[in-house]
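Structure record follows, encoded as structure tokens.
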2 protein chains.
Amino acid sequence: MAFSERVSRLKSSLIREILAAAQRPEVMSFAGGLPAESMLPTVEWTQMPVALGQYGMSEGEPALREALAAEARALGVPCQASQVLVVSGSQQTLDLAAKLYIDKGTEILLEAPTYLAALQIFQLFGADCITVPLAADGPDMVAMRQRLEQHTPAFAYLIPTFQNPSAVRYSEASRDAVAALLDEFGVTLIEDEPYRELSFDGASAKPIVSRLTRASWIYTGTISKTLLPGLRVGYLIASPDLFPHLLRLKQSADLHTNRLGQWQASQWIGTDRYREHLLNLRGFYRSRRDAFEIALQEHFSELAEWNSPQGGLFFWLTLHQPLDTRTLLDAALAQDVAFMPGEPFFADPDANHGHLRLNFSHIDPARLNEGVKRLASVVRAAQNLKAA
Amino acid sequence: MAFSERVSRLKSSLIREILAAAQRPEVMSFAGGLPAESMLPTVEWTQMPVALGQYGMSEGEPALREALAAEARALGVPCQASQVLVVSGSQQTLDLAAKLYIDKGTEILLEAPTYLAALQIFQLFGADCITVPLAADGPDMVAMRQRLEQHTPAFAYLIPTFQNPSAVRYSEASRDAVAALLDEFGVTLIEDEPYRELSFDGASAKPIVSRLTRASWIYTGTISKTLLPGLRVGYLIASPDLFPHLLRLKQSADLHTNRLGQWQASQWIGTDRYREHLLNLRGFYRSRRDAFEIALQEHFSELAEWNSPQGGLFFWLTLHQPLDTRTLLDAALAQDVAFMPGEPFFADPDANHGHLRLNFSHIDPARLNEGVKRLASVVRAAQNLKAA
């Protein structure tokens, strides 16, 4: 069997296994990143034009591209609809970016921790991952400058707003500093913002791409966290030098994104109805965050520390006594609790023990306290065992 | 700008330009491969479950996988639903296969001519294309054996039923011989069958994958030619040794295929309504084929030869006096006629002049004769110029 060299880097997916185990109805799952079912909006299909059944353009539907460009301009991103490419979920942006930039051994710059599905696809293509530690308000800028002096990454991949997994939101100062540094070294920025709209304190910082003056950039977002993930509609907006390449790569990947989802997205983006839905969503998830934090304080305050997330879908716990949290999984699942170990979110998992990512959006509130309690007992048992 | 080495092989797409030009309403286009709008079925969305808005499984919807496996078994393909992966149009199968198999310099075996978007993505990943000429009933078996004795292709990519572009349908003998040869050399088969259901004479030959006894295989199909291409729903069925790798590659590409399209597909596949729709479709396209052939006989009989297609969407013309048909495009478009030059369907375009691919499914019948007449005059003018 002669597979590509690339396939040797295709990891057996711990995450797939966790999510599969979490499907059992009796499992209290903090593992995934699913929107709450009760907040999936009711959508109408009766007005959808029949003509959308035909093949469409690789770029995406013109009306949706216009709406997305208008939204991005309102955030400060200088762009036209011609720079917008509709993709099959923002995961596809990562696939296109990997194809555009990564050969075996290509250096790229990532946050530590970072989104594990990004790590997986960049590593699949053979990337050499250079990482910068994240502090509460953004990356360690001393480390970031040092990395850029010592390496020549093809791009920096950053998630500056309610990062998955850490929930970190870059400060204004951090955003400016990162933009200035990337401009100075001429490094392309890929800015991934799936969680921007899920802000609990109403703050909205301008994207970093809007602060660049020289570097090339790709800004990517999705409707999966605010409307319906099942539609598989995301988008990227790219600086004009990158767009034509990304468009051809999109065409060769799947011709174009499904037109039903694009049409539905265009019924929402930029409308008053969407803004109202976002307000409801923020309030709902803020309440879930608050309830989750109460349970954490009750059961985890002696075991771990965390920052209260100001948006997004996750708590990121750092254990006082680090251990490889992957070793907790079997015991947790035996207790009908699923969570995401922190290690796979690092390019070097074995050097980064002791974090847990806990999703607060999807758990049934009635089972929340019991689940957190059981998880704490699993952690405590493992630490006692280790100490013994 | 440091792009991947791969991007240097990303071709400026002649096809994109032709299809863009063909969008002008005054253009009579034989260029694309679009279904006729009048044959797009009316679909209902009112019964679609709201839960499909949530994230789904990377494998695809269970009901659709079951239905597709049952259809494939009815064709003779030995498979279970667990071997079915729903993809975002069968173009995505080519992307996943390229990732699974192709490093720079990997040899692959292709028909000459072959589907140009397959050629593009395989070449993007760096494939070294070994080709076998097609005769009217299948590949040249002497050449195919010779290639397999001299090369070790990672896979053979074949379109045995109403091939795009040549309309060739492999005979029973050819299918058996190809299967035996691939088994003998242990070469994986990727069998692409978008046009299987568009058969005008009612014949249905068993897929080649069903005739293999040893070689690994991927069988791929789509609903784009029979239902609605805008849904972007295709599928692959793989031998069990390949499936887990393809599934992981699918997950990293776009998580999963949109669930709306999957749901709609499952309302049709395997139903009496679908079988009735296919009957109507075959009758409709057969009539279009017949009308097209009358126009060809009137205007092209002195210029070219062709086999009457027994299915699919294309006529493949071979000029009596070969010339680079790409050089005809500007003159044709100046006459408001679009067509697809044959050269891009070959791994070595410059060694394969003198073919035209003409789509007969999408042209307005009222403009058909005028379009073919104008195209013939463009060919004649170019040949006279060459002769002068």
Side-chain angles (χ1 to χ4, degrees), chain A residues 1-7 10-11 13 16 32 34-35 37 40 42-43 45-46 48 50-56 58 88-89 91-92 95 99-103 106 117 120-121 124 152 154 216 224 227-233 241 245 248-249 251-261, chain B residues 1-7 10-11 13 16 32 34-35 37 40 42-43 45-46 48 50-56 58 88-89 91-92 95 99-103 106 117 120-121 124 152 154 216 224 227-233 241 245 248-249 251-261:
Chain A
M1 194 72 69
F3 291 141
S4 66
E5 189 260 346
R6 178 182 315 111
V7 169
L10 197 56
K11 303 196 175 160
S13 178
R16 285 187 58 77
L34 300 185
E37 265 84 22
L40 299 179
T42 305
V43 298
W45 296 102
T46 45
M48 185 166 61
V50 175
L52 292 181
Q54 187 56 282
Y55 282 106
S58 296
S88 303
Q91 178 72 23
Q92 190 176 49
D95 181 68
K99 287 170 176 164
L100 182 57
Y101 283 108
I102 303 177
D103 291 315
T106 296
Q120 283 175 344
I121 192 158
L124 174 68
T152 52
S216 301
S224 294
L227 289 169
L228 300 173
L231 302 182
R232 306 311 301 132
V233 174
D241 53 328
H245 303 292
R248 285 184 212 150
L249 289 167
Q251 185 181 23
S252 79
D254 62 3
L255 300 186
H256 65 81
T257 296
N258 84 87
R259 299 179 77 187
L260 318 175
Chain B
M1 194 70 71
F3 291 142
S4 65
E5 189 260 346
R6 176 182 317 110
V7 169
L10 197 57
K11 302 193 177 164
S13 179
R16 285 188 59 77
L34 299 185
E37 266 83 23
L40 298 178
T42 305
V43 297
W45 296 101
T46 45
M48 184 165 61
V50 175
L52 293 181
Q54 186 57 281
Y55 283 107
S58 296
S88 302
Q91 178 71 24
Q92 190 176 49
D95 182 67
K99 287 171 175 162
L100 182 58
Y101 283 108
I102 304 176
D103 293 315
T106 297
Q120 283 174 344
I121 192 157
L124 173 68
T152 53
S216 302
S224 293
L227 289 169
L228 300 173
L231 303 181
R232 306 310 302 132
V233 173
D241 54 328
H245 303 292
R248 286 184 210 150
L249 290 166
Q251 185 181 24
S252 79
D254 63 3
L255 300 186
H256 65 81
T257 296
N258 85 86
R259 299 180 77 187
L260 318 175

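Naming: A, B, ... by sequence-line order, numbering from 1 per chain.
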Gap separating the CZ atom of F3(B) from the NE2 atom of H245(A), nearest 0.5 angstrom: 4.0 Å

Is chain A contacted by the side chain of L231(B), its backbone, both, or neither, given a heavy-atom distance below 4.5 Å? both

Counting heavy-atom pairs closer than 4.5 Å to chain B, which one of V43(A), T152(A), L228(A) comes out on top? L228(A)

D95(B) versus chain A, the contacting section by heavy-atom distance below 4.5 Å: side chain

Could you tell me which of L249(B), L34(B), V233(B) has the largest number of non-hydrogen atom pairs under 4.5 Å with chain A? L34(B)

Largest heavy-atom contact set with chain B, pairs under 4.5 Å, which of L100(A), L260(A), V7(A), I121(A): L100(A)

Donor-acceptor contact present, side-chain D103(B) to main-chain E5(A), <3.5 Å: yes

Is Q54(A) reaching over with its side chain to a backbone N or O of P35(B), donor-acceptor style, under 3.5 angstrom? yes

State whether the side chain of R259(A) and the backbone N or O of P229(B) hold a donor-acceptor pair below 3.5 Å, judged by distance alone. no

Without swapping roles, check the side chain of D254(B) against the backbone of S88(A) for a donor-acceptor pair under 3.5 Å. no

Considering only heavy atoms, which portion of T257(B) lies under 4.5 Å from any heavy atom of chain A: side chain, backbone, both, or neither? backbone

Can you sort out the partners of S224(B) under side-chain hydrogen bond (donor to acceptor under 3.5 Å, both in side chains), two or more places apart, ordered by chain and number? T222(B), R232(B)

Relative to chain B, which segment of L124(A) carries a heavy atom at a distance below 4.5 Å: side chain, backbone, both, or neither? side chain

Considering only heavy atoms from C-beta outward, does the side chain of V50(B) approach that of T42(A) to under 4.5 Å? no

Could you give the distance from NZ (K99(B)) to NZ (K99(A)), rounded to the nearest 0.5 Å? 4.0 Å

Shortest non-hydrogen contact from A2(B) toward A154(A): O-CB, 4.3 Å

Heavy-atom contact with chain A under 4.5 Å, split by part of T106(B): neither

Distance (rounded to the nearest 0.5 Å) between Q251(B) CD and L10(A) CG: 9.5 Å

Is the backbone N or O of S252(B) less than 3.5 Å from a side-chain atom of Q91(A), with the two atoms forming a donor-acceptor pair by type? yes

At a 4.5 Å cut-off on heavy atoms, which part of L40(A) comes close to chain B: side chain, backbone, both, or neither? side chain

